[in-house]
Amino acid sequence: MPRPIQATVHSDALSHNLQRARAAAPDARVWAVVKANAYGHGIERVFDALRAADGFALLDLDEAQRVRDLGWRGPVLLLEGAFEQRDLELCSRLGLWHVVHCDEQIDMLATHKTQVPHRVFLKMNSGMNRLGFKPAPFRAAWNRLAALPQVEEISLMTHFSDADAERGGGDGIAHQVHAFVQATQDLPGERSLCNSAATLRHAQRVLNAAERLSADWVRPGIAVYGSAPDHPAHTSANWGLRPAMTLSSRLIAVQQVEAGDTVGYGSTFTAHTSMRIGVVACGYADGYPRHAPGTLEAGAPVLVSGVRTRLVGRVSMDMLTVDLGPVDAALAQRGSEAASIGAEVVLWGCSASGAVLPVDEVAQAAGTISYELLCAVARRVPFNE
Ligand SMILES: *Cc1c(COP(=O)(O)O)cnc(C)c1O
């Protein structure tokens, strides 16, 4: 038997979540963001479910090629644009739309030889200070692009740093929306502003014609994969999102420990009473976060046989250990046998019983975000087709 860990991608959840994003910005077209191999889910595995999107956004040229190889003829957007001159040849050949965020990329375009002029998304740095032209030089960049025969159409884009929260007294995005609108109001072209958080939290509310916030393209990523972009202010259930990935395994051993016994490397967990410990075939070499806490008070959540319990002790490379107390108690109540070797363990996602453990809760316990956990599922974890 293969080692029992596996990941499962839920196509129905992907379609449903995409639909949720669309419903939040009904007048906008939707880029399904599939960078980082579809947030760890696998571009080929999510493709069919996400075909209902208006386009695919990503940043790796190999991934763009894979989307074309799957037969997608619609829009594909390179979110970071060209990294070097010859990337533009691939853009011409595959018909990729690309972001232009700096003068160097305009220089590359100006010397690019192409039969087909390109569709570009000119990016403004409206406050995040990562990629893009600041509002003042934005127009000069637009004018330069508009004069190039290599450019067919210019769309306008920016990205929010705080769409997931109300920081600094505002709603998180107002100052950036303002900067963007001020600098672009008389420029033609489609707009793209919202990531998942802005799409869910703000698209409806600020659907103010002048600001065209959600128009014309939204760019949801994490929401499509079923995670709340603003957890814990909202949960995935609050947003009506369903987990698109389940990471599951099984118990491969059970240990009876007594008061004073310790569990795992570093003996970081000491039993205060007699208890049963389940040993799960999943460790940090599978992508599970090693820093997830393993204490009775704050242990990261885990489902065993669909019952919620907690990590105890340290996560090791290939295994982690869980408290079977809550599991045995729940099973006894149902008149079932205590958990034993082979019992289903859900690290995040859905159990066979229908119980759901949102990846957001595991991420929060481990002091990180769902994005990191989903992207980190290791190559050695087989995906259930
Ligand atoms: C990753 C990314 C997104 C999607 O962000 P989510 O928070 O996953 O919705 C949108 N726009 C850009 C430019 C990105 O890089």
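Only a predicted model underlies this, so the values are computations on that prediction, with no experimental measurement involved. Just so you know, ligand 1 is whichever comes first in the structure, and atom 1 is the first atom listed for that ligand. Note that these values count all heavy atoms, side chains included, but never hydrogens, waters or copies made by symmetry.
Polar contact check, K123 against ligand 1: no nitrogen or oxygen pair lies under 3.5 Å apart. Ligand 1 has an N or O atom lying under 3.5 Å from an N or O atom of I222, backbone or side chain. Close N/O approach between Y39 and ligand 1 is found [any backbone or side-chain N/O within under 3.5 Å]. Among the atoms of L79, none of the N or O lies under 3.5 angstrom from an N or O of ligand 1.
Between the side chains of Q115 and S92, not a single donor N or O lies within less than 3.5 Å of an accepting N or O. Judged by distance alone, the side chains of E344 and S248 never bring a donor and an acceptor atom under 3.5 Å apart. For the residue pair R219 and H159, a side-chain donor N or O sits within less than 3.5 Å of a side-chain acceptor on the partner.
The ligand atoms of ligand 1 that sit less than 4.0 angstrom from a heavy atom of N195 are 5 (O), 9 (O), 10 (C). Atoms of ligand 1 lying under 4.0 Å from any heavy atom of H159, numbered from 1 in the order shown and given with element: 10 (C), 11 (N), 12 (C), 13 (C), 14 (C).
Not a single heavy atom of Y225 sits closer than 4.0 Å to an atom of ligand 1.
Here the protein heavy atom with the shortest distance to atom 9 (O) of ligand 1 is S196 OG, 2.5 Å. Nearest protein heavy-atom contact of atom 7 (O) of ligand 1 is Y371 OH, 2.6 Å.
Using a cut-off of 4.0 Å between Lys/Arg side-chain N and Asp/Glu carboxylate O, D216 and R29 are scored as not salt-bridged. We find that D171 and R201 are not joined by a salt bridge, their nearest charged nitrogen and carboxylate oxygen being 4.0 Å or further apart. Ion pairing of K35 with E80 is absent here, as no side-chain N (NZ or NE/NH1/NH2) approaches a carboxylate O to less than 4.0 Å.
Nearest to atom 2 (C) of ligand 1 by heavy atom, out of R219, R130, M128, K35, is K35.
Between Y39 and Y225, the ring planes are parallel. Angles under 30° get that label, and only those over 60° would be called perpendicular.
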